[in-house]
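Remarks on the structure that follows.
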Amino acid sequence: MKVVKFGGSSVANAEQVLKIIAIVVADAERRIVVVSAPGKRHGGDIKVTDLLIALAKAVIAGSDHEGALQAVVERYAEIQRDLGLPGQVVAEVEADLRERIAKRGGNNLQFLDTMKAAGEDNSARVIAEAFRKQGHAARYVNPGEAGMLLSDEFGNAEVLPESYGKLAALRDVSDIVVFPGFFGSTRAGEVATFPRGGSDITGAILAAAVAADVYENFTDVDSVYAMDPRIMPGAPAIDRMTYREMRELSYAGFGVFHDEAIVPAVRAHIPINIRNTNRPEAPGTMVVPERKYEQAEVVGISSADGFCAIYIDKYMMNREVGFGRRLLQILEEEDISYEHTPSGIDNLSIILQSAELGSDKEKIVVARIAAELAPDNITVEHGMALLMVVGEGMHYAVGMAARATKALAEAGVNIEMINQGASEISMMFAVKEPDRKRAVHALGSEFFGRLGA
Ligand code: ASP
């Protein structure tokens, strides 16, 4: 059997909903359907999840929230009207939103999650109704009742291990299961959500729980591309890549698939097929445990802005036992997560997302490092971009780093930092943000030949 997930743009309006029904019923193996909340219908549109966050914030602030509530209801009303579903469907969405607000408890983060979850929850109810209207037996399934149990880290929850055993029962449901993505229930019965974009995670968990043959993740692109086509027009499509390659790429800038969603699929060895709702005939990208590495040493190059580096110099650092531990402990105590720690004999740098160092945090961390580790010098540099050249085949090829650095040098890009993980599955380059696009072009041309514009 197959678990299929449809993202926000695939459920944004009635036309898209009809496409997903056609896709699901075209293959009898497609038995569990995970849906997102309605996303953007066009460029300037607002996702339902963002409308719900605005609504929740208005409620928390005690301001008039009627307009915000109606903006959400209207998105479902449009789908209901265009699909010719009973008017009752919209009345139920509105009543559901009002009930969530009326039952608000004291924890604002939990309330925010309850409101965000309304997007997917109502989406699944409406889509199950749409399946039935088309004559197909389909049933909405509530995640909490089905056993999708999550940690109580609201807004950033993780699945609890006992969920898998409970959710396995979905295998035996004869109707098409329409399951809302993005949220579940804590052991105490409160709604909790995964991080943003988390419907991908729901799909992966269900695929693992029912031991699906494949997890099909439908989005709005034909496949995953070797580089962001907005930066590198004509970037080649990736037909096949490994889980580890996907994880590396989605971690730095590849928005197609949530990086945390890989984990349940990897553990259960379920292939992931990324496909296009608007072109279901396209085979998409397969993400699998292994591939033939000779075919492509590098599969893709991802990049993202918004990083900073803390540089620390101290003469004889290499002899100071515990220096690294004490440094990382400061970060841990300040609740800061970091990405990379390239080091030299007398220096160590920490690369992290700039967002982790709010203005106060930066002062506190710098002062603590200065006081507790007595470095000769400490500086923080913002405005850095990370580039990841990813491919398991690099392990077997000679001279990959030389090719990359030569290409960057020829393009006049100054490399701020290089890091190659122990696994040799990726090379990381830090450059200044304004150099990012030029760097992607240089590396793209080197590893994939001259492409597009
Ligand atoms: N609707 C949620 C979001 O916008 C989750 C998802 O679409 O995967 O983040």
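Everything quoted here is computed from the prediction, not taken from an experiment. Counting starts at 1 for both ligands and their atoms, in listed order. Heavy atoms only: backbone and side chains are in, while hydrogens, waters and symmetry mates are out.
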| task | Check whether the side chains of Asn13 and Asp82 place a donor and an acceptor atom closer than 3.5 Å, and report yes or no. | result | no
| field | Salt bridge Glu129-Arg125, side-chain N to carboxylate O under 4.0 Å | value | no
| query | Short list, please: which atoms of ligand 1 are under 4.0 Å from a heavy atom of Lys47? | reply | 3 (C), 4 (O)
| query | Taking both backbone and side-chain atoms of Asp200, is any N or O found less than 3.5 Å from an N or O belonging to ligand 1? | reply | no
| message | Is a donor from one side chain sitting under 3.5 angstrom from an acceptor on the other, for Gln16 and Asn278? | response | yes
| message | Check Glu433 with Arg436, please: is the shortest side-chain N to carboxylate O separation under 4.0 Å? | response | no
| query | Side-chain donor-acceptor pair under 3.5 Å between Glu333 and Gln329, yes or no? | reply | yes
| field | For Arg196, the ligand 1 atoms whose distance to one of its heavy atoms is below 4.0 Å | value | 3 (C), 4 (O), 9 (O)
| said: So, 4.0 Å and heavy atoms of Gly197: is ligand 1 close enough to count as a contact? | reply: yes
| field | Sub-4.0 Å heavy-atom approach of Gly198 to ligand 1 | value | yes
| message | One residue to check: Ser36. Relative to ligand 1, which of side chain, backbone, both or neither has a non-hydrogen atom less than 4.0 Å away? | response | side chain
| task | Return a yes/no value for Lys5: is any of its N or O atoms, backbone included, closer than 3.5 angstrom to an N or O of ligand 1? | result | no
| query | Using the ring of each side chain (for Trp, its six-membered ring), is Phe6 parallel, tilted or perpendicular to Phe218, with breaks at 30° and 60°? | reply | parallel
| For ligand 1, which atoms sit closer than 4.0 Å to a heavy atom of Glu120? | 1 (N), 2 (C), 5 (C), 6 (C), 7 (O)
| said: Quick test of your reading of the model: are Arg240 and Glu245 salt-bridged, counting only N-O distances below 4.0 Å? | reply: no
| task | Return the residue, atom name and 0.1 Å-rounded distance of the protein heavy atom closest to atom 6 (C) of ligand 1. | result | Ser199 OG, 3.4 Å
